[in-house]
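Here's the structure we're looking at; comments come further down.
A note on names: the letters A, B, ... follow the listed sequences, proteins ahead of strands, and every chain is numbered from 1. Just so it is clear, the structure is predicted and the values come from calculations on it, not from any experiment.
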There are 2 protein chains.
Amino acid sequence: MKHLLSILFTLFFFPSFLLADEGMWPMSEIGRLNLSSKGLKIPVDVIYNPKGVSLVDGICNIGGCTGSFVSPDGLILTNHHCAFSAIQEASTSQNNYLENGFLAKTRGEEVRAKNQTVRITESYRDVSSEVLSVVQPGMDPGARTKAIEKRTKEIVLDIESRNPGKRAEVAEMFIGKSYVLFIYTYLKDVRLVYAPPRSIGEYGGETDNWMWPRHTGDFSFFRAYVAPDGSPAEYSATNVPYNPRRHLKVAPEGVADGDMVFILGYPGRTFRHRTASYLDYEYRVRMPATVEWYGWQIEQMEAAGKTDPAAALKVAPRVKSLSNTYKNYQGKLVGIRRTNMLATRREEEKRLSDFIYAEAGRKAKYGTVLDEIGRVYTEMESAAARETLLQFLTRSPDAIRVAFTVYEAAQERQKPDVERESAYMERNWKQTSSRLLLSLRNFQRGVDQSILTELLVRAAKLPADQRISAVHAVLKGGEPETAADEFLDDAYGSTRIQDEKFVEDLLARKPEEIAREEDPFVRMAVALYPDVKAMKDAEKRREGDLNRLYSLYLDVKKEFLGGEFVPDANSTLRLTFGRIKGYEPRDAVFMQPITTLSGVVEKHTGEEPFDAPEALMELHRKKDFRPFSPPKLQDVPVGILYDTDTTGGNSGSPVFNARGELVGVNFDRVWEATINDYGWSPAYSRSIAVDIRYVLWVALKLGGAEHLLREMGVKTILTPDF
Amino acid sequence: MKHLLSILFTLFFFPSFLLADEGMWPMSEIGRLNLSSKGLKIPVDVIYNPKGVSLVDGICNIGGCTGSFVSPDGLILTNHHCAFSAIQEASTSQNNYLENGFLAKTRGEEVRAKNQTVRITESYRDVSSEVLSVVQPGMDPGARTKAIEKRTKEIVLDIESRNPGKRAEVAEMFIGKSYVLFIYTYLKDVRLVYAPPRSIGEYGGETDNWMWPRHTGDFSFFRAYVAPDGSPAEYSATNVPYNPRRHLKVAPEGVADGDMVFILGYPGRTFRHRTASYLDYEYRVRMPATVEWYGWQIEQMEAAGKTDPAAALKVAPRVKSLSNTYKNYQGKLVGIRRTNMLATRREEEKRLSDFIYAEAGRKAKYGTVLDEIGRVYTEMESAAARETLLQFLTRSPDAIRVAFTVYEAAQERQKPDVERESAYMERNWKQTSSRLLLSLRNFQRGVDQSILTELLVRAAKLPADQRISAVHAVLKGGEPETAADEFLDDAYGSTRIQDEKFVEDLLARKPEEIAREEDPFVRMAVALYPDVKAMKDAEKRREGDLNRLYSLYLDVKKEFLGGEFVPDANSTLRLTFGRIKGYEPRDAVFMQPITTLSGVVEKHTGEEPFDAPEALMELHRKKDFRPFSPPKLQDVPVGILYDTDTTGGNSGSPVFNARGELVGVNFDRVWEATINDYGWSPAYSRSIAVDIRYVLWVALKLGGAEHLLREMGVKTILTPDF
């Protein structure tokens with residue numbers, strides 16, 4: 001990895017009392033963690049070395065997940081769920097790779113993964129002063145937000161114009177305080193190498209999602225290709241395997257209970273440096289509303305799917321996505337209640353407040369910060385009923401979502417590039433528009449109409465001072481249920497919004513041309529636009545307020561704690577460490593940290609999602625566990641559990657042992673640990689990986705991928721019965 | 001306990017390899033168990049002493065459950081679920097004791113439990129030869145069954161006529177081999193003393209039923225009263241507390257993980273000495289049919305209850321009872337599959353079969369036994385579809401059940417007393433008829449009609465050679481769904497079968513008078529009778545076959561094992577021993593054997609069945625765990641888990657420590673242990689008790705029942721804050 005500037009956060013130091021296992025640490029900080037005292041058996045510069053090659057160079061971002069290079073020839077190990085759409089697209093009616101699994105016996109058989117890209121972090125540097133130079137004291141909050149957004153876009157466009165083929169991103173490390181510019185290379189020729197059947201890769205399905213004990217073989221292999229000269233290139237038969245600067249060594253001997261492990265990856269978002277008023281708003285307002293609405297939609301979709309298999313197929317991806325969030329938020333709500341997190345956060349904040357008021361200078365500077373932040377959330381709460389409905393209206397029913405996106409895009413694309421919402425900037429427009437068109441394929445009138453009906457009825461019942469005029473325009477003062485039915489029966493009968501040609505045509509038009517369109521949903525989207533725009537402006541204003549206020553809050557918190565703390569996750573590269581460790585989720589229940597093949601067999605019912613392949617069942621009957629079975633266990637380890645600090649985005653992250661060898665592929669957290677996003681705890685924060693021994697055993701014994709094991713340098717210890 | 005004859009099963013000896021923890025041991029055998037080597041710290045004759053007073057004299061049967069005398073004044077400790085109906089009946093609209101709990105502050109406040117009786121075992125003796133004297137070689141199987149039934153009834157009636165006020169029962173210890181006569185005293189004046197609110201006594205409800213970890217405070221106290229001269233008497237204000245020959249000492253210090261425990265009680269039925277063909281029939285035929293039909297009924301009842309609260313109230317007891325069996329059978333089906341029990345049983349039987357064929361004499365005597373038993377189950381399987389429907393028709397819909405019972409009673413009561421089915425014998429008739437009339441109160445037309453409709457439709461679809469003529473008579477050849485609706489809309493409109501007066505009147509009539517009755521359901525019951533009678537005759541014939549065959553089977557099994565084995569449970573007094581012990585129900589999940597008050601609080605949601613009383617929550621917040629909290633735990637133990645061998649009927653059984661002191665009240669098994677009925681396993685056979693420390697803590701801290709603790713001789717260690 002090349003570095004433009006290698007030291008980040010130079011202001012920060014981490015006092016020892018913060019050195020618990022909590023923390024998704026930026027690379028610049030891991031030298032301070034004294035990892036050898038935690039059991040690390042290699043020098044820390046083997047993990048991260050700003051002046052040379054390190055383990056960090058062995059990982060990449062692949063379609064939002066993390067991937068590991070596990071051979072010199074660009075072989076990538078990641079999760080099955082990260083490879084899902086690639087496997088699906090590679091499948092044909094003759095060869096259903098999702099159901100049967102896929103193996104390329106030779107490189108020539110590797111299948112192009114069309115929409116998959118591999119992102120490699122080239123470099124990063126602190127750009128806080130460049131970003132914050134546009135902020136003026138006493139600036140209007142909305143203007144502040146817009147100025148920061150514009151400045152970061154300018155930095156990005158400037159870098160990209162000077163580095164053709166690279167992509168740039170500015171990440172906010174601490175709200176309103178520090179910003180880091182990342183420069184990435186994208187490899188665009190990615191090919192599918194091996195995937196187990198979904199009866200292994202998705203074993204347990206939604207039932208086991210967010211759950212332990214886990215028996216999912218959630219792994220797949222890709223390979224990245226580049227032009228013969230080593231430069232990134234579009235797919236071509238003449239491309240050659242990419243040679244990563246570093247690849248990771250897999251450790252077929254695996255791990256044991258208590259072993260030290262660490263993870264490198266790109267955790268998405270956490271919210272630990274927020275006030276109690278934020279947590280209270282999340283807990284009482286935002287999450288319950290989301291859970292209720294997602295639950296309602298899931299119920300509708302499942303009911304529709306029961307009577308109509310075609311509808312079931314169309315709504316399946318949405319049900320999966322909604323269910324994932326639904327179960328996650330339910331876990332968070334239960335977790336916040338059980339751990340009494342709100343009360344604890346309030347107590348901590350009381351101590352911070354006492355600290356502020358204990359000294360006149362601090363009182364003058366920070367005395368109103370907590371209250372001012374609280375008032376922003378109070379405002380959000382009072383606006384929530386209406387704003388939530390506006391958001392749901394423009395996102396949940398496909399008919400409105402598509403029409404609204406088209407009209408908003410036309411509005412935004414009138415503006416200079418750097419002033420547009422990110423999705424509508426030139427650099428992102430191709431992806432935004434092609435995704436919109438692709439989404440039309442899952443349009444399902446019955447479900448869509450029931451969702452929109454419900455939202456119109458709910459919106460009609462808002463108090464008079466919160467009216468959404470676009471809703472009242474279509475209901476024409478009628479009794480909401482009846483009026484909604486009348487309008488929608490007609491509208492869905494006559495609309496062309498599900499028609500790809502029609503939408504493509506709209507995408508080429510100017511806002512005033514779209515506004516003249518007669519399509520009922522386009523008209524409704526146009527009517528909704530002013531209200532949504534006003535809402536987004538209010539959001540930007542609140543964001544500007546919070547940006548300024550949290551910057552003050554972090555200053556005084558740093559002063560109070562007498563040191564610094566790790567920034568919230570923001571999809572940038574982080575390290576987290578811990579141990580293989582069980583936990584007690586409930587009174588009298590202890591979860592052991594390693595599951596086994598016998599557990600897969602135990603869960604097998606013969607019906608999805610517990611329908612293990614007969615070949616696996618047979619190997620278990622024959623006790624054919626070698627060569628990756630620990631001698632004492634007489635079984636194949638399948639899942640491992642550990643107390644590192646992860647969140648969404650850590651999917652596919654390599655789990656390393658103390659020697660920096662790959663022992664697992666991270667793919668989930670336990671249900672109790674969904675509240676990781678607000679606070680880590682040694683009691684319940686546990687993450688889940690598929691054990692490398694299961695990866696190797698499945699690939700070898702069920703997949704017949706011996707050549708891949710050889711490529712990874714794994715000895716398969718041939719025995720007579722192998 | 002007085003003994004007419006104290007040594008039972010004198011033929012039997014128990015080889016040491018059978019001395020695992022498996023076994024519900026008859027009292028006569030416990031001397032052979034070497035319990036001191038298992039940790040027992042008292043001489044075995046303190047538990048059972050045919051020549052004197054022992055712990056066995058401290059227990060009783062109370063309404064089908066086991067109870068423990070815990071004071072010299074007849075105070076009885078049993079389960080809350082065993083006291084449920086008594087608490088319900090004692091409640092008034094002003095004083096809802098189920099919701100609020102009940103405490104008699106003085107003996108004068110103790111409330112009569114009208115339908116509760118306490119049964120004390122006076123004596124027992126082997127009557128095998130008396131019973132089997134009526135069996136002739138080569139006897140017709142049906143005649144054999146009837147002869148044995150008649151003989152046992154004669155023995156019972158003879159004993160009861162010579163011992164006024166006592167009840168006699170003959171229990172079959174081994175099918176077709178050994179029979180024991182038990183003589184019981186019944187105490188009829190039973191009063192409710194203390195019950196916790198159902199939010200403690202039923203905490204966890206159906207959700208936690210058959211489950212661990214458990215947090216149910218499933219206990220209540222009764223007191224037995226007798227006439228001033230000490231003789232059993234009906235309720236009277238002049239009665240005095242009963243003085244049991246022995247009462248049990250409670251041990252407020254409780255138990256710890258690994259401690260030896262034993263249980264005395266009246267386990268109901270087990271089926272371990274049956275063939276693989278029996279288990280196969282149960283697994284493939286009988287249990288799935290029951291699960292399907294019970295599940296269907298529960299769904300109907302719950303759907304009806306959702307829209308109609310009055311219906312919900314009426315069907316609640318049936319839903320509870322159906323759910324209990326439903327969940328139990330599901331547990332059995334899963335357990336048999338997971339433990340591979342059928343294959344194991346077949347392997348064992350293969351070895352037995354090899355043993356039989358290895359010697360000409362054995363081959364001649366036993367060579368066909370296994371096949372002959374198998375043929376009986378094959379016959380049952382081929383008759384199952386029709387017979388199951390006949391059974392469901394006469395049991396599930398109240399309309400038919402009541403009409404059929406009335407008509408069958410009239411038929412049976414034409415016969416001499418000893419030839420009648422047991423329910424219709426003079427000694428049982430009062431109870432049978434009053435229960436029938438009582439059951440009319442929960443008649444709920446909507447649910448009843450949907451159940452009967454479904455059964456008629458199913459019956460109409462039986463193959464032609466299995467027709468139930470009574471069904472075709474009412475459907476009149478119409479399309480089943482439509483014809484059933486037509487018939488039942490009329491029938492439920494005009495019937496008087498839900499009318500108590502009408503049924504009372506029918507109960508007084510002769511069969512031919514009933515047969516002339518115009519009521520549609522009475523007519524249908526009369527029409528069903530010949531088919532049901534033929535089915536019952538077939539059952540008796542099969543029972544006779546099995547009776548003879550299992551007698552042979554047990555002989556050769558004894559020979560094969562080179563010893564004897566413990567008889568199946570049959571509601572007679574047994575001892576079982578084991579240890580406080582956790583278990584691993586699934587891969588990577590370990591259940592610890594003691595739950596705590598913190599677990600109660602953790603499960604609390606504020607909604608049934610997890611709605612703990614605020615007073616309990618407050619005591620937990622104040623950490624007011626004394627005086628029954630172990631110093632190390634800083635919590636109140638609530639539930640305990642142990643690997644003794646129990647089954648239904650062990651509800652309320654005392655759990656003793658190694659010194660013979662009461663440490664818990666048994667009330668359930670774990671879900672995996674529902675297959676205990678077919679086979680015990682050290683891996684999954686675990687039973688559940690409420691910890692005596694929770695009993696005492698709740699009674700003292702929430703119930704204010706200090707006087708009861710004093711009566712039990714428990715020091716409450718008064719402290720300033722108590």
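- For a residue to count as touching a neighbouring chain, one of its non-hydrogen atoms must lie under 4.5 Å from one of that chain's; by this rule B:Arg214 does not touch chain A.
- Here B:Glu602 contributes atom CD and A:Thr339 contributes atom OG1; the two are 11.0 Å apart, rounded to the nearest 0.5 Å.
- Across every non-hydrogen atom of B:Val589 and A:Pro213, the tightest pair is CG2-CG, 3.2 Å.
- For the pairing with A:Asp587, the side chain to side chain donor-acceptor pair (under 3.5 Å) check across B:Gln592, B:His215, B:Lys603 returns one residue only, B:His215.
- Looking at B:Ile594, the atoms closer than 4.5 Å to chain A (heavy atoms on both sides) all sit in the backbone: N, CA, C or O.
- Residue-environment remark: OH (B:Tyr294) stays at or below the threshold of 12 foreign heavy atoms within 6.0 Å.
- Here the CZ-OG1 distance, from A:Arg586 to B:Thr595, works out to 12.5 Å after rounding to the nearest 0.5 Å.
- Annotation for B:Glu608: atom CD does not count as buried by contact number, only 12 or fewer foreign heavy atoms lying within 6.0 Å.
- For A:Glu614, the CD atom sits in a packed shell: over 12 heavy atoms of surrounding residues, nucleotides or ligands are nearer than 6.0 Å.
- Enclosure of atom CD in B:Glu618 by more than 12 non-hydrogen atoms of other residues, nucleotides or ligands within 6.0 angstrom is indicated.
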